[in-house]
Peer 1: 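Mind looking over this structure? Questions follow.
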Number of protein chains: 4
Amino acid sequence: MARPLSEEKRKALLTAATEEVATSGAAASTIKIAKKAGVAEGTLFVYFPTKDDLLNQLFLALKSDLMGFLMKDYPIHADIQGKIRSLWTGFIDWGATYPNKRKALRQLGVSERITDSNKDVGEALFDNLHDVIEEGFKTGVLREQPLPFLSGLINALADMVLQTALDDAIKLDQYKALGWQALWGAIARK
Amino acid sequence: MARPLSEEKRKALLTAATEEVATSGAAASTIKIAKKAGVAEGTLFVYFPTKDDLLNQLFLALKSDLMGFLMKDYPIHADIQGKIRSLWTGFIDWGATYPNKRKALRQLGVSERITDSNKDVGEALFDNLHDVIEEGFKTGVLREQPLPFLSGLINALADMVLQTALDDAIKLDQYKALGWQALWGAIARK
Amino acid sequence: MARPLSEEKRKALLTAATEEVATSGAAASTIKIAKKAGVAEGTLFVYFPTKDDLLNQLFLALKSDLMGFLMKDYPIHADIQGKIRSLWTGFIDWGATYPNKRKALRQLGVSERITDSNKDVGEALFDNLHDVIEEGFKTGVLREQPLPFLSGLINALADMVLQTALDDAIKLDQYKALGWQALWGAIARK
Amino acid sequence: MARPLSEEKRKALLTAATEEVATSGAAASTIKIAKKAGVAEGTLFVYFPTKDDLLNQLFLALKSDLMGFLMKDYPIHADIQGKIRSLWTGFIDWGATYPNKRKALRQLGVSERITDSNKDVGEALFDNLHDVIEEGFKTGVLREQPLPFLSGLINALADMVLQTALDDAIKLDQYKALGWQALWGAIARK
DNA sequence: CATGAATGAGCCTTCATTCAT
DNA sequence: TATGAATGAAGGCTCATTCAT
């Protein structure tokens, strides 16, 4: 009956938090985040009871955003290599398109303030990839390796590429290609 | 002549900083670091004029420590594959032996407070690898790729393995082996 | 016609306030009081325009509640000593029966936020005792002393007994008896 | 070797705290206390790590101050009645001379933030009175009653007198006398 | 050089109160 | 009338840094 929580404000807060966390890490100040989101300091705590809550929800939101991005153009009917290449491309493009999201996610991934259980939930979002990879194992296209190892591998490679090629579009394209070769060499059988 | 700076205290401070940064990231407090090092709060600033100085010097010290570790048993007369495998093993072993050093380095690598020029200096420490790799290119053992790309690749893979296999010695060995296969697949020609 | 204020909610708020004030003093938060009363934060301010209003009304309500308790079994036809003893017993029993009410009253009695005029009103509730005491003076049973002094005396003694014997039923009975002896010795002529 | 803690500042802080607590109770703000003491906000926390520490130490300091005041002119060679009368007078005079100390002590006595163990220590300061009172019991001058009951009695009566006669010197003298009669009547045998 | 007291900006959070719904 | 989102002041406390000793 009272004013409803505004999804708009929640988003503004998460967006502002993304930017601040991208540069200052988990040390980003709630005051700056609130101001950047255009709301009063206290309002932040209406939406996120605690700074840790904000950080954790941001972490999940970013993971989920990335997942959505990867799935958007996912080629359901492509072969294994095509599917994995799509994921690789998606990773790189997401990071290049939203550098702050990537930086924020990177910082949070290293932070003690994200609960272990949430870090797990973050991983779990990628469980959808299960099938592709399992299929790769069965058809013998991929070397058999534990799933977390494989997803960690993609993640690490993509992150490295984005980090290394930061602010350099040409290098980015070069590394994206090199990275794909490396990745495929790393996981394909033979 | 006044008492000279004590190398011992400097080291104690860096060691304490390593531990604090490992858990709290760049937000680690100078007070706690000083106390853990067994010196007074103000003493820290005799050795490091600024917290940022401390952080940057710690970053370099850790990179250098890692480098020293890698070079210790480096097989100068082995073939390319042997040399690179030694580096891989070294990376993993260093991280497993000094988890706090690795965690601290990881946190600092992501922090805004490490100057770009220092991040470059950090990379440069690995320039010694130039020769091995160039040799690999010439003999055709390695696919030709930019040096920073290659070192970033090793780094990223090793970090992923250590992170993923945290606190699980068995998994660590498994991943170390898998990681090596992946790495070699990623960089070897054909 | 609009919905009228609900007496039930008002009471719930005062009851909740009693509990909160008992433990946190005047620093008790309106939010917690509202929640404990089962109403929304804003609703509290429909019934009490200001936190100070709430506190002051609570103060009066508690005084009045105590007064009612004292009068319930008041022996109108007893002699002076019997009447005063009844008051004494009543005081102690009220405090033992409703420890939160007593604690809250104690806290509020010390608080700056209760207006002086209300503290006087609080005292005035006991004016009904006028007659008993005047009678005591006339018949020479009581030493002549100003009324506020006498009521303050009873109050202080009872409060001390309750406070000292907190959570110890046996001690409470002992102190109740001792207190009565002391009180009577303090006020009776000769 | 560094600047030593200044006893002067510690006292200034306790004095300032006394004044603030006298009017605002345990809700007194550390900032106001620091400012009133003429030191920076942070300095307060050099001397008292926590607001609760400040409050508890203030409580003990006030109790101790009162005790010192009572003992100053204590008539060691007087009879029981003389000794107790001296205590009574001392109580009243202390409260009249240092109204803020008394108000602060009153507020703290009711506050949840003073630990139970400190409240006990507070009581213990009065253990010195043991002997007088025991002597009173033996010689039959005093009715036999538990010590905490007796000290509570004196305390409560004195507090009531001071509170009731606040800001009225004439009334104060009158109540002081009446209070003594009442007290003696309350505790003396027969 | 070493110490740790002193400082005040800044942090996260709570709160009383207002007001759109 | 009842609700609870919105607000920004204020609170307790921490911190990097300075400086008297």
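In this text the structure is predicted, and so the values were computed from the model without any measurement. Just so it is clear: chains get the letters A, B, ... in the order the sequence lines come, proteins before strands, and each one is counted from 1.
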Peer 1: How long is the line joining CZ of B:Phe48 and C1' of E:dA2, in whole Å?
Peer 2: 15 Å
Peer 1: In whole angstrom, give the distance that lies between atom CG of A:Leu5 and atom P of F:dT3.
Peer 2: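 From A:Leu5 CG to F:dT3 P: 16 Å.
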Peer 1: DNA chain E: B:Val46 or D:Gly38, which has the more 5' nearest nucleotide?
Peer 2: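 Nearest-nucleotide comparison on DNA chain E picks B:Val46.
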Peer 1: In whole angstrom, give the distance that lies between atom CD of A:Glu20 and atom P of E:dC11.
Peer 2: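 Answer to the nearest Å: 10 Å.
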Peer 1: Rounded at 0.5 Å granularity, tell me how far OG1 in B:Thr23 sits from CG in B:Asn100.
Peer 2: 7.5 Å
Peer 1: Can you name the side-chain contact (heavy atoms from CB on, under 4.5 Å) partners of B:Ala34, sequence neighbours left out?
Peer 2: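 For B:Ala34 the side-chain contact (heavy atoms from CB on, under 4.5 Å) partners, ignoring immediate neighbours, are B:Val39, B:Leu44.
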Peer 1: For a quick test of reading the model: is some side-chain N or O of D:Tyr47 closer than 4.0 Å to OP1 or OP2 of E:dA6?
Peer 2: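 The answer is yes; a side-chain N or O of D:Tyr47 sits under 4.0 Å from OP1 or OP2.
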Peer 1: For A:Thr43 and A:Tyr47, what are the C-alpha separation, side-chain angles and deciding distance, and is it a side chain to side chain contact (heavy atoms under 4.5 Å, CB included)?
Peer 2: CA-CA 7 Å; A:Thr43 302; A:Tyr47 288 80; 3.8 Å; yes
Peer 1: Dot-bracket for DNA chain E, 5' to 3', with Watson-Crick and G-U pairs under 3.5 Å, [ ] for crossing pairs and | for other-strand pairs: what is it?
Peer 2: .||||||||||||||||||||
Peer 1: Starting at CG of D:Leu44 and ending at C1' of E:dG8, how long is that distance when rounded to a whole Å?
Peer 2: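 Result: 14 Å.
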Peer 1: Could you please name the option among F:dT7, E:dT3, E:dT7 that lies closest to any side-chain atom of A:Val39?
Peer 2: F:dT7
Peer 1: Taking only residues two or more places apart in sequence or in another chain, which ones pass side-chain hydrogen bond (donor to acceptor under 3.5 Å, both in side chains) with A:Lys9?
Peer 2: none
Peer 1: List the residues meeting side-chain contact (heavy atoms from CB on, under 4.5 Å) with D:Phe45, not counting sequence neighbours, and say none if there are none.
Peer 2: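 Checked D:Phe45 against side-chain contact (heavy atoms from CB on, under 4.5 Å); matches are D:Thr30.
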Peer 1: How many Å lie between CG on C:Leu13 and P on F:dT1, as a whole number?
Peer 2: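 After rounding, the reported distance stands at 15 Å.
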Peer 1: Tell me: CG of A:Leu54 to P of E:dC11, nearest whole Å?
Peer 2: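 So the two atoms are 15 Å apart, to the nearest Å.
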Peer 1: Using the test salt bridge (charged side-chain N to carboxylate O under 4.0 Å, His left out), find all partners of B:Lys36 that sit at least two apart in sequence or belong to another chain.
Peer 2: B:Glu19, B:Glu20
Peer 1: Rounding to an integer number of Å, can you tell me how far A:Arg3 CZ sits from E:dT17 C1'?
Peer 2: 13 Å
Peer 1: Would you say A:Lys9 places a side-chain N or O within less than 4.0 Å of OP1 or OP2 belonging to F:dA5?
Peer 2: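 The answer is no; no side-chain N or O of A:Lys9 sits under 4.0 Å from OP1 or OP2.
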Peer 1: Scan for salt bridge (Lys or Arg N to Asp or Glu O under 4.0 Å) pairs involving residues 103-112 of chain D, sequence neighbours excluded, and state none if there are none.
Peer 2: D:Arg106-D:Asp159
Peer 1: Any pair with a residue in residues 49-62 of chain B that passes side-chain hydrogen bond (donor to acceptor under 3.5 Å, both in side chains), sequence neighbours left out, goes on the list, sorted by first then second residue, please.
Peer 2: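 Of all non-adjacent pairs touching residues 49-62 of chain B, those that pass side-chain hydrogen bond (donor to acceptor under 3.5 Å, both in side chains) are B:Arg10-B:Gln57, B:Asp52-B:Arg113, B:Asn56-B:Asn118.
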Peer 1: Write down the distance between CD (D:Glu8) and C1' (E:dA6), rounded to a whole number of angstrom.
Peer 2: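 Rounding to the nearest Å, CD of D:Glu8 and C1' of E:dA6 are 15 Å apart.
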Peer 1: For D:Leu62 and D:Tyr98: C-alpha separation, side-chain torsions, deciding distance, then whether side chain to side chain contact (heavy atoms under 4.5 Å, CB included) applies.
Peer 2: CA-CA 11 Å; D:Leu62 289 174; D:Tyr98 310 110; over 6 Å; no
Peer 1: Within the 4.0 Å limit for protein heavy atoms, which parts of nucleotides 10-15 of chain F are touched? Write it as a string from 5' to 3', B for base, S for sugar-phosphate only, - for none.
Peer 2: -SSBBS
